[in-house]
Amino acid sequence: MGRLYYVRFKQLLIFAVFVAILVVFQFYWKTFSLLDDSRFIGNNVAFDPYSLEHDFDDYEKEEQGLDLDYEFEYDEGRNSRNEETLKSKGFEVENHEKESQEIPSNGSGMQSMKISVSMLNDKSLKGSSTESTRLSKLIWPTSLTQLNSKLLHSFNDSSMRPKWSSRRDRELLSAKLEIENANVISKSSGLYAPVYRDVSKFSRSYELMEQKLKVYIYREGEKPIFHQPKMRGIYASEGWFMKLMEGNKRFIVKDPKKAHLFYLPFGSQMLRANLSDKKKMEQYLERYVNLIAGRYRFWNRTGGSDHFLVACHDWASRITSQPMKSCIRSLCNANVARGFQIGKDTTLPVTYIHSVMNPLRKVAGKPPSERTILAFFAGSMHGYLRPILLKHWEEKEPDMKIFGPMARDAEGKRIYMEYMTSSKYCICARGYEVHTPRIVEAIFSECVPVILSDNYVPPFFEVLNWEEFSVFVRERDVPNLRNILLSISEDKYLALHLGVKNVQQHFLWHKVSVKYDLFHMILHSIWNNRLSHIKLK
Ligand SMILES: *[C@@H]1O[C@H](CO)[C@@H](O)[C@H](O)[C@H]1NC(C)=O
Ligand SMILES: *[C@@H]1O[C@H](CO)[C@@H](O)[C@H](O)[C@H]1NC(C)=O
Ligand SMILES: *[C@@H]1O[C@H](CO)[C@@H](O)[C@H](O)[C@H]1NC(C)=O
Ligand SMILES: *[C@@H]1O[C@H](CO)[C@@H](O)[C@H](O)[C@H]1NC(C)=O
């Protein structure tokens with residue numbers, strides 16, 4: 001008897017070892033074959049050799065060996081490779097990674113998402129959903145009014161006083177005073193006042209940024225994680241910013257003593273590609289911070305409050321929350337319930353870039369009178385909210401065009417565009433995470449964005465008055481979506497539409513950046529937040 005058990009046990013053991021080897025082998029095979037394939041897929045992008053600017057041409061070539069777009073899309077086995085290759089040709093594809101576990105919703109979209117602030121600071125909890133019981137101060141979900149009040153209250157935050165004073169701080173302080181006392185500007189500024197919180201202050205602040213701001217970029221950090229912009233894909237905003245910042249003449253200084261702000265030039269996307277888990281990424285950034293804190297005096301002076309990073313990967317918020325907690329973080333995943341600090345951190349818009357040569361996707365949208373569809377949405381069923389949206393609105397009302405994923409071919413793309421340009425409102429529903437490239441797409445096609453993503457802080461929240469060109473709907477109000485939109489008067493709609501047209505310039509990338517474009521707006525938000533929080537010794 002005993003011997004029989006022993007044999008059985010041995011067999012089982014051998015089987016288990018075999019399975020383990022298989023799993024490990026598969027994992028490696030998958031990782032490496034992907035890296036290989038991506039080189040070939042990388043050539044599929046639209047390419048117009050005549051419109052190239054030399055500079056970008058070089059990048060495109062350099063990039064080909066490193067194009068890892070497609071690798072991310074495999075995560076968690078959600079998608080098949082062929083589908084992804086096709087998707088890459090479609091107009092709008094979202095492939096966010098889940099930042100942490102999805103918490104199932106019972107349909108209210110509110111109950112399900114309680115996460116306490118203390119959890120974010122408690123390393124041991126690691127975003128586990130069972131901690132939803134540890135509710136504390138945070139009110140969920142955060143409405144726009146609450147976001148506004150958080151912005152106002154952000155000024156008494158915890159950023160440290162500098163250890164010693166610097167001439168740069170005094171320069172910033174004098175700029176801050178000038179902005180506060182900005183004269184009311186005349187219409188000739190070319191800015192459309194209603195879309196700004198305070199057009200005079202914005203205009204003055206922008207001017208002073210152009211005149212005064214100096215940025216130092218640390219040379220430390222190895223490629224490809226540092227100093228190597230990735231210009232395509234869903235996380236391309238961080239790459240475009242890096243590229244334009246590193247190539248900038250106006251703002252960059254070689255001497256760090258002259259700098260008001262210090263840029264930590266890494267790509268969160270590349271970091272994700274090189275290191276598999278969040279802990280390792282966090283440790284990597286921590287080592288970097290220790291390196292620059294040891295080598296220069298600037299980090300220690302302010303504990304990093306005059307340092308900034310620009311990162312679009314879904315996980316960037318999480319992996320920077322400890323090592324770079326006092327830095328100004330420009331993040332795509334701007335979720336106030338997950339550690340995004342309004343007023344200190346700032347929202348990086350998600351711009352899905354398909355072609356480096358032609359990043360602009362401004363579309364001639366139809367005039368308001370020809371927009372016959374009330375609301376449009378199409379997309380994959382990422383996250384908990386979109387199935388709820390479809391459940392309530394798919395094929396329910398003729399003026400509500402709410403769909404699941406569209407065909408990825410040219411025809412699907414054409415239909416998608418047709419809807420974007422002929423709908424009054426475009427629903428920007430959160431996916432796995434709060435951010436979505438739809439907001440910028442809607443703006444480009446002159447469709448009023450309807451932001452359906454609780455706790456998301458929209459881009460340039462510090463300066464833009466989002467209610468003048470978009471509509472915010474709480475997740476729990478999905479069942480009332482149509483009524484909410486119908487209750488907006490025609491006059492108000494026309495005003496929103498006009499607002500959308502007037503903010504377009506702030507969401508456009510230019511290979512050589514121009515005034516008020518996306519690059520400058522991102523930098524302005526960082527400058528703005530530094531000014532709001534500056535403290536003197
Ligand atoms: C969701 O849960 C809350 C509290 O547990 C409950 O009040 C609400 O009715 C539920 N909603 C649905 C749609 O089940
Ligand atoms: C910020 O400070 C002001 C006074 O300096 C105080 O009235 C206000 O309550 C504080 N706000 C927060 C959120 O702590
Ligand atoms: C990161 O990944 C790239 C592409 O696979 C590789 O060439 C590079 O050596 C890696 N770098 C580091 C620091 O691991
Ligand atoms: C900054 O502080 C860290 C930790 O306290 C220390 O190790 C480092 O040497 C300091 N840097 C400089 C340049 O003094």
Side-chain angles (χ1 to χ4, degrees), residues 76-80 83 87 90-115 129 132 140-144 314 333 335 337-338 350 371-408 412 415-416 418-420 422-439 441-442 447-456 458 470-488:
E76 302 170 16
R78 285 202 307 267
N79 305 302
S80 79
E83 192 187 317
K87 271 185 184 180
F91 175 72
E92 199 272 354
V93 189
E94 274 174 88
N95 271 295
H96 295 303
E97 289 188 74
K98 281 192 251 189
E99 206 273 324
S100 64
Q101 278 163 284
E102 198 72 35
I103 305 158
S105 162
N106 71 348
S108 70
M110 183 183 176
Q111 201 61 34
S112 57
M113 295 292 292
K114 285 175 181 152
I115 291 163
S129 59
S132 53
W140 253 97
T142 316
S143 70
L144 196 62
D314 297 18
N333 194 355
N335 183 343
R338 299 274 179 101
V350 188
R371 290 183 179 254
T372 49
I373 298 159
L374 180 65
F376 167 63
F377 174 85
S380 305
M381 289 301 101
H382 294 168
Y384 63 85
L385 184 66
R386 294 179 184 183
I388 298 172
L389 179 67
L390 260 71
K391 187 181 128 226
H392 282 97
W393 295 112
E394 192 179 23
E395 293 180 28
K396 292 289 192 299
E397 296 283 346
D399 57 359
M400 297 287 284
K401 301 293 182 196
I402 307 293
F403 307 107
M406 285 201 154
R408 307 290 184 187
I415 296 170
Y416 189 96
E418 179 63 29
Y419 279 124
M420 295 286 285
S422 53
S423 301
K424 291 169 90 172
Y425 298 99
C426 286
I427 311 296
C428 307
R430 60 168 291 159
Y432 289 115
E433 293 297 326
V434 288
H435 52 306
T436 157
R438 280 181 178 71
I439 296 177
E441 278 175 20
C447 183
V448 173
V450 176
I451 296 168
L452 196 55
S453 180
D454 292 350
N455 300 305
Y456 178 59
S470 69
V471 177
F472 286 76
V473 175
R474 313 270 286 259
E475 291 175 11
R476 64 171 177 215
D477 289 330
V478 164
N480 296 323
L481 183 57
R482 184 160 180 271
N483 286 339
I484 291 171
L485 297 179
L486 286 174
S487 74
I488 298 170

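Fair warning: this is a prediction, and the values are worked out from it, not measured in the lab. Only this structure's heavy atoms are used, side chains among them; waters, hydrogens and symmetry mates stay out. Residue numbers run from 1 in the order of the sequence given.
To the nearest 0.5 Å, atom CD1 of residue I427 and atom CG of residue L389 are 6.5 Å apart. Here the straight-line distance linking atom CD1 of I488 with atom CG of N483 works out to 11.5 Å at 0.5 Å rounding. R386 CZ to Y432 OH: the interatomic distance, rounded to the nearest 0.5 Å, is 9.0 Å. With rounding to the nearest 0.5 Å, the separation of OH in Y425 from CG in L486 is 8.5 Å. Considering NZ of K401 and CD of E395, their distance stands at 9.0 Å, rounded to 0.5 Å. One distance of note links CD1 of I388 with CZ of R476; it measures 13.5 Å at 0.5 Å rounding.
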List the steps, then state whether side-chain contact (heavy atoms from CB on, under 4.5 Å) holds for Y456 with I439. CA-CA 12 Å; Y456 178 59; I439 296 177; 3.6 Å; yes

R338 vs N333, test: side-chain contact (heavy atoms from CB on, under 4.5 Å). Steps then yes/no. CA-CA 9 Å; R338 299 274 179 101; N333 194 355; over 6 Å; no

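R430 and E475 get closest at one heavy-atom pair: CD-OE2, 3.1 Å. What you find for R474 and L452 is that their closest heavy atoms are O-CD1, 3.8 Å. Scanning both residues, V473 and D454, for their nearest heavy atoms gives O-OD1, 4.3 Å. Closest approach of L481 to W393, counting heavy atoms only: CB-NE1, 3.7 Å. Closest of all the heavy-atom pairs between A429 and T436 is O-CG2, 4.0 Å. In this structure, I451 and S470 approach most closely via the heavy-atom pair CD1-OG, 4.2 Å.
Proximity of a side-chain donor or acceptor of S380 to a complementary backbone N or O of P405 within less than 3.5 Å is not detected.
Between Y416 and F376, the ring-plane angle classifies as perpendicular under the 30° and 60° cut-offs.
Remark: K396 NZ is packed, more than 12 non-hydrogen atoms of other residues, nucleotides or ligands lying under 6.0 Å away.
At a threshold of 4.5 Å between non-hydrogen side-chain atoms, the residues L390 and M381 count as touching.
Looking at R482 and D399, a side-chain N of the basic residue comes within less than 4.0 Å of a carboxylate O on the acidic one, giving a salt bridge.
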